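A, B, ... follow the sequence lines: proteins, then strands. Residue 1 opens every chain. Computed from a prediction, not measured in an experiment: that's the story for all the values here.
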2 protein chains.
Amino acid sequence: MTRAVTLTEVAREAGVSPSTVSRILNGTARVRDNKATQVRQAIEKLGYTPNTFARSLATGASGSVGVLTPDIASPFYNDALSGIEQGLMGSGYSPIIISGHWRTAEEEHAVELLLNRRVEGMIILGGQLPDHDLHALSARLPVGVLGRNIDLSRHGGVSLNMDNRQSARDLTNYLIGRGHRVIGHISGPSDHADARERLTGYREALEERGLKYDPTLVVQGDFQEPSGLIGMQRLLQQHSDLTAVFSANDQMAYGARLALYRLGLRVPDDMSLVGFDDLPGSTYATPPLSSVRQPMAEMGRWMAQFILARLRGETIEPFEPRQELMMRESVASRRGL
Amino acid sequence: MTRAVTLTEVAREAGVSPSTVSRILNGTARVRDNKATQVRQAIEKLGYTPNTFARSLATGASGSVGVLTPDIASPFYNDALSGIEQGLMGSGYSPIIISGHWRTAEEEHAVELLLNRRVEGMIILGGQLPDHDLHALSARLPVGVLGRNIDLSRHGGVSLNMDNRQSARDLTNYLIGRGHRVIGHISGPSDHADARERLTGYREALEERGLKYDPTLVVQGDFQEPSGLIGMQRLLQQHSDLTAVFSANDQMAYGARLALYRLGLRVPDDMSLVGFDDLPGSTYATPPLSSVRQPMAEMGRWMAQFILARLRGETIEPFEPRQELMMRESVASRRGL
DNA sequence: CTGTTAGCGCCTTCAT
DNA sequence: ATGAAGGCGCTAACAG
């Protein structure tokens, strides 16, 4: 692996000065055509690749925005990543993606790495970073947070989050409207804000409709499939009159679905089921799972544009994430209604 | 956003020379304790963040390895990404991930970007890059290719791919062994090497067992769910005696599963179904889908280690990807056997 | 152990 | 329109 070709070498090869090559590369100034041609040929011949580091050092601009995701393999956040990529495309900026693996220490380390790389803006997806860190970050550069409520407006940052409570309420109301009266809930971890809000929404919907909130109808999971499976089993043991279950996310709903399958219970005939998040897999679940869709890709795209705007000193129209109830085939009207 | 603090400023604040600060930062040499303390305090006070660009420029090492993935949101390749992250962890190297969106031009552009960023090695996941490009790349830096067969050994590169043909044969044999005689195949796009190999494996298994290969039992899909759904419908129309279907990937199997559900056909009672890839979702499908698992994460991890080894001028034990037949509940023994 | 001196590769005035 | 010169922030000899 030989040392990379430098701009100076290209200049020498083309018989011009380094500045000229630089100008041609960046279109900074008009250069006589024949020189430009010579230079291009030299570049081609030598296989020259500009060195980002040197350039960034000289210009003081890195042309990159940092993206912190909790998990590079999370189907949920990856839609947002796609959106961010899209939003950045053609802007001259490129994303630098790092995952924090849901560990605060790793996330802090990742942020540091991003800072070292002199990202000009940062997009944080969910994660565990203390609000304090986020505020501090936001004071240094444009920051956008996705999937989390935090007021960053003091330094011009934003956060985008769906209304978990409202969506959970809608979902629960949907079940109630279909005639269900004994509705279980498989919740997420209680130390998780989203999980708590979804539980609250569930409870509120029940109470608004005059149904008593029964804590034994709530079992706690951890947002992973196995906990959904176990949760469903537990609900079934305790409530033989159960007709519907609202799972706090799709993954747990898949687990719950499997529990039912194992017991020979049919969905939706014997049990209605709804999830939350509308993962890609839910459209092709058996049966297709009703859920509430978060427009992650759109949110990601908007976030990218937000950062770009701030970088240019412009502003951008605020984004109203519109959650969408995806009513599919996993819910039946209750018999005998 | 004020200009970032520099090492020189830290040095001034701490009353030492820049080199001393540098040495402390990198542990390059022993420094008297009290100075070290002063420097750390100065760093803390000023909120200093080392500039990766300047460092890389000076050392000539970027400390990063490029990763090209066809799609940042692909559940299949993302496992490999996780593996790569893991394999790199603690090595001082970090991955720079870019997606090529299955478009050759974009992929080439991405490679260029990576080269500009002076990645020291590169891992390519699948994709469309012509072999030619890969060879050229491999001559410049350590390259590993995942999910694709190409001989890069001349310049010390590697490619890791599972044996698609063998796995497809195993899968088909598995169905035959369970008594199935009329087995359909939903194939992938014919311009896709993996898809062709899987089809070949299917065909070979059939012929080895003395079953005639019937082209009308093969319908072509595009590796996406909808094409699986349509494929299954077509197979069903033409072959009323069909008892099993081998889908060239899990995603199409999900689609096929849905087609069956819609027709009221049960899996596995009325139809056995196997997929390929063993996506995370397959464990919790209804019923859990039999498939063949590619150890993507392990492959990714090994790839990372391979690159690291080459960077250090060491060698590493070759990796034998062991595909694993995941026999779950989507296959039944044929009645009346 | 620590300071001084050169660059690393590129961009950007400032002259010409 | 183009070249020369200085500097971006950091590291790595080289002297002490």
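Residue R12(A) contributes atom CZ, which lies 14 Å from atom P of dG3(D) at whole-angstrom precision. Rounding to whole angstrom units, CD of residue Q38(A) and P of dA1(D) are separated by 16 Å. In this entry the distance linking CZ of F53(A) with C1' of dG7(D) reads 19 Å, nearest Å. Between R117(B) atom CZ and dG9(C) atom P there is a gap of 18 Å when expressed in whole angstrom units.
An OP1 or OP2 oxygen of dA1(D) is reached within less than 4.0 angstrom by no side-chain nitrogen or oxygen of K35(A). Listed pair T20(A) / dG3(D) meets the phosphate criterion, a side-chain N or O lying under 4.0 Å from OP1 or OP2.
Looking only at distances, a side-chain donor or acceptor of N51(B) sits under 3.5 Å from a matching main-chain atom of A54(B). In this structure, S74(B) contributes its side chain and F76(B) its backbone to a donor-acceptor pair below 3.5 Å. Side-chain atoms of N116(B) never come within 3.5 Å of backbone atoms of T49(A) as a donor-acceptor pair (strictly under, hydrogens ignored).
Taking CD from Q128(A) and CD from E108(A), the interatomic distance works out to 11.0 Å, rounded to the nearest 0.5 Å.
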How would nucleotides 10-16 of chain D be written as a contact map, 5' to 3', with B for base contact, S for sugar-phosphate-only contact and - for no contact, using protein heavy atoms under 4.0 Å? BSBB---
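Taking the ring pair (Phe, Tyr, Trp, His ring centres under 6.0 Å) definition, one finds that Y77(B) meets it with nothing, sequence neighbours left out. Checked against side chain to side chain contact (heavy atoms under 4.5 Å, CB included), L7(B) has the following partners two or more places apart in sequence or in another chain: P18(B), V21(B), S22(B), L25(B), Y48(B).
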